[in-house]
Amino acid sequence: MQKIIRLLLIISFFFFLLPIETQPSSGLDVTLTPSTISQGEVALLYIQKLEKVKPKVTWMGKKITLLYETKNDAWEGFIGVDLTTKPGRYNMEISISDSNRPKVITVNVPARDYGVRRLTLPKEMVELNTNALKRVRQESKTVKGLFTSSDKTPLWIGRWIRPVPGMIVGPFGRGSIINGMERSPHSGVDLKAAEGDPIKATNRGIVALVAHLFFSGLSIIIDHGGGIQSMYFHLSKALVKVGQLVEKGAIIGLAGSSGRVTGPHLHFGIRLNNGRIDPIKLIEISGRLER
Ligand SMILES: [Zn+2]
């Protein structure tokens, strides 16, 4: 009998040491698809059983924008990993209210080998003169500003679509070494498109930039709100203006070969919380959404 009492005491002591889940986070149903996110990839976060209470999600120091899905009483959002994020394990924090302990989910971020291309080009094609260099720096500053000043109100609806039907002719993430010098990896995908082919907006958003840029030629950037922007480079014509709201699938411009390119194609890129992610992966994962 004494043995049993001692055993019960020991058990209750260990029980006391266990963390106590506070309501309502104990009922939190979190799904991350896929459950690991490689460099430059994106996952869909799905949080259920909250009875319309909006959770706060923090990932890599940034707040994640969540959309409410009435049908399943769920909140959904995209979790991205920049192309050059150091591989490892990162914590995602989900909190229901300030008084509750956040739920911590550890996400594995494995390395992904995107390959490297070595090129030898004539010096005059690679080296920029002082004026060009000045222009490139100024343009880069302007574009980077658009990625950090995004409005948190999401404008996108459901699934993301391909801007042109063409196949991938230049993969996302590939590094390049030109004349022995390492250049930044390819931050988008090059899709096959002929001169004059119509380009569709990948989702709903506000046109944030229409400009002729040194490297990317005639370029359009759409801000979809909630920290997501899409980019369309090397166009021959722009059919939208800055500040204009465009619906998903609307024709925003025509494909071309402007900027530093060898032939017509569409460079299509996505930024998610200022991270460079594979746009094709976003389209694929968003296929799980309602519309
Ligand atoms: Zn490109």
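Just so it is clear, the values below take in all heavy atoms, side chains as well, and ignore hydrogens, waters and symmetry mates. In each ligand, atom 1 is the first atom listed, and ligand 1 is the first ligand listed. Keep in mind that this is a model prediction, so the values were computed, not measured.
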### Message
Rounded to the nearest 0.5 Å, what separates atom CG in Leu44 from atom CZ in Phe78?
### Response
5.5 Å
### Query
Pairs in or reaching into residues 239-286: which pass ring pair (Phe, Tyr, Trp, His ring centres under 6.0 Å), with residues at least two apart or in two chains?
His186-His267, Tyr232-Phe268, Phe233-His267, His234-His265
### Query
What are the two closest heavy atoms between Gln39 and Arg112, and how far apart are they?
OE1-N, 2.9 Å
### Query
Which protein N, O or S atoms lie under 2.8 Å from the Zn ion (ligand 1)?
His186 NE2, Asp190 OD1, His267 ND1
### Task
Would you kindly confirm whether Leu83 and Ile280 end up in one hydrophobic cluster when ILVMFWY residues are joined by side chain heavy atoms under 4.5 Å apart?
yes
Below 3.5 Å, can you tabulate the donor-acceptor pairs from side chains in residues 203-212 to any protein atom, sequence neighbours excluded?
residue, atom, partner, partner atom, Å
Asn203, OD1, Ile157, N, 3.0
Asn203, ND2, Ile157, O, 3.4
Asn203, ND2, Arg159, O, 3.4
Arg204, NE, Glu247, OE1, 3.2
Arg204, NE, Glu247, OE2, 3.4
Arg204, NH1, Leu155, O, 3.3

## Note on the structure
Hits for ring-ring contact (aromatic ring centres under 6.0 Å, His included) against Tyr114, two or more places apart or cross-chain, chain-then-number order -> Phe172
